[in-house]
Structure formats: C-alpha cells, structure tokens
Amino acid sequence: MAATLDVDVDVKVKSCLARAVRISELARRGGVSPRALRYYEEQGLLRPGRTAGGYREYDEAAVRVVQHIRLLLSAGLTTTVIAEILPCIPDDVTTLAPTCPELIDGLTEERARITSSIDKLLAARAVLDRLITSGPR
DNA sequence: CTTCTGACA
DNA sequence: TGTCAGTA
C-alpha cells in the first residue's frame with residue numbers, strides 16, 4: 001500500500017562537522033611550523049583550499065595527515081614517495097587502503113631501507129659501547 | 001594582528 | 001628551516 005519512499009538521507013557527510021582551520025592552527029595542532037606546512041604543500045603532500053583573501057584553509061582531517069607526514073618523514077621516506085602513498089592511507093594508519101595494493105612493492109622497498117638504517121645504527125652503537133666500556137676507569 | 005610570496009647570511 | 005620584506 002503505502003509507498004516506501006524512504007529516501008536515504010544518510011547525511012553521513014563528515015564535511016558537515018569539518019570546520020576550516022588556518023595555517024597557524026594546523027601548525028600548532030600538527031606539531032610543525034607554518035613554514036613546514038607551506039613546504040609540504042610545495043611538495044604535493046597537502047592541497048589546502050583558499051579563502052577569498054588567499055589564505056590557506058585546511059580540513060580538520062589535515063591534522064592527522066600532517067602527523068602521518070611527520071611519521072613517514074622520520075622514517076626516512078622522501079617527500080615524493082610520501083606524496084604517492086599518502087592518498088592510500090585512511091584515517092587509521094594501521095590499515096592500508098585496498099585501492100592501491102600496487103604500492104606494496106614500493107613500501108616493501110622502503111621497509112628494506114629502514115631495516116638497513118637500523119642495522120647501521122646498531123653497529124654504530126656497538127662501537128660506542130666498546131669505546132665506553134674500554135674507557136678510563 | 002595574521003597570512004602570503006619570494007628570497008637568502 | 002628560520003626570517004625579513006612589503007602586501008592584502
């Protein structure tokens with residue numbers, strides 16, 4: 001009888017609660033300098049919108065993105081590879097987006113580089129340990 | 001007062 | 001990356 005006109009107004013648009021933040025706030029909340037944020041953008045890591053006056057306006061989600069960038073950067077990844085894998089990282093870093101599994105090869109390579117760095121660091125520490133232990137008593 | 005772009009001891 | 005200049 002009655003028409004099932006149940007329009008799915010599932011306004012799960014997270015954009016509704018997405019307040020725009022400007023560079024100084026994102027910098028403070030992301031733990032980086034405004035200068036760094038402009039640099040990230042220059043490297044294609046961030047694509048903020050612009051206000052009528054030319055001010056950059058970032059999405060609320062940009063805070064997490066910035067933190068991801070910091071993590072990846074500290075892991076030794078270059079800004080160019082980060083720019084490639086960033087769009088594949090969901091809100092949660094622990095899960096890799098199924099949309100780009102091809103990058104797994106590249107990520108595996110990066111993993112190898114990190115492992116190599118760790119090995120070199122361990123070797124350096126071993127040398128220091130010997131020096132310290134054999135020092136003046 | 002804050003941000004923007006470009007530039008450089 | 002910080003910072004200064006000259007604007008908007």
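Throughout, protein chains are lettered first and strands after them, A, B, ... in sequence-line order, and every chain is numbered starting at 1. Because the structure is predicted, anything quoted here is derived from the model rather than measured.
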*Asks:* Let me know the distance between CD of E57(A) and P of dC4(B), rounded to the nearest Å.
*Replies:*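 After rounding, the reported distance stands at 11 Å.
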*Asks:* State, with a plain yes or no, whether a side-chain heavy atom of R29(A) is found less than 4.5 Å away from one of E60(A).
*Replies:*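 Contact flag for R29(A)/E60(A) side chains = yes.
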*Asks:* Tell me, do E41(A) and R47(A) make a side-chain contact under 4.5 Å, heavy atoms counted?
*Replies:*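 SC-SC contact between E41(A) and R47(A) ruled out.
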*Asks:* Of all the base pairs, Watson-Crick or G-U under 3.5 Å, which form stems of three or more consecutive pairs involving DNA chain C?
*Replies:*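 Result, WC/G-U stems under 3.5 Å: B:4-8 with C:2-6.
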*Asks:* Tell me the interatomic distance from I23(A), atom CD1, to dT5(B), atom C1', rounded to whole angstroms.
*Replies:*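 I23(A) atom CD1 is separated from dT5(B) atom C1' by 12 Å.
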*Asks:* Report the distance from atom CG of L107(A) to atom CZ of R111(A), rounding to the nearest 0.5 Å.
*Replies:*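 Going from the CG atom of L107(A) to the CZ atom of R111(A) covers 11.5 Å.
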*Asks:* For the pair made of CG in L26(A) and P in dT3(B), what is the distance, rounded to whole Å?
*Replies:*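 It works out to 11 Å between those atoms.
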*Asks:* May I ask you to say whether E42(A) pairs ionically with R35(A), meaning some side-chain N is under 4.0 Å from a carboxylate O?
*Replies:*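 Answer for the salt bridge query: no.
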*Asks:* Rounded to whole Å, how long is the line connecting atom OH of Y55(A) with atom P of dA8(C)?
*Replies:*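 That distance rounds to 12 Å.
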*Asks:* Applying side-chain contact (heavy atoms from CB on, under 4.5 Å) to L86(A) and Y40(A), what does each step give before you reach the verdict?
*Replies:* CA-CA 12 Å; L86(A) 213 49; Y40(A) 292 166; over 6 Å; no
*Asks:* With a non-hydrogen cut-off below 4.0 angstrom, is G53(A) in contact with a base, only sugar-phosphate, or nothing?
*Replies:*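 G53(A): no heavy atom of the nucleic acid under 4.0 Å.
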*Asks:* Identify, residue by residue, the members of residues 38-47 of chain A with a heavy atom below 4.0 Å from DNA chain C, and return them in order of residue number, or none.
*Replies:*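 None - not one residue of the stretch has a heavy atom sitting under 4.0 Å from the strand.
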*Asks:* Under a 4.0 Å threshold between the charged nitrogen and the carboxylate oxygen, would E25(A) count as salt-bridged to R22(A)?
*Replies:*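 No, R22(A) and E25(A) are not salt-bridged.
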*Asks:* Tell me the interatomic distance from R22(A), atom CZ, to dC4(B), atom C1', rounded to whole angstroms.
*Replies:*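 For the pair R22(A) CZ and dC4(B) C1', the rounded distance is 12 Å.
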*Asks:* Judged by atom type as modelled, is there a donor-acceptor pair below 3.5 Å linking the side chain of S116(A) to the main-chain atoms of A112(A)?
*Replies:*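 No.
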*Asks:* How does the hydrophobic cluster around L122(A) look, that is, which other residues are in it when side-chain heavy atoms under 4.5 Å mark a link?
*Replies:*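 When side chains under 4.5 Å apart are linked, the cluster holding L122(A) also contains I114(A), I118(A).
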*Asks:* Among dG2(C), dT3(B), dT5(B), which is the nearest nucleotide to the side chain of R35(A)?
*Replies:*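 Out of dG2(C), dT3(B), dT5(B), the nucleotide with an atom closest to R35(A)'s side chain is dG2(C).
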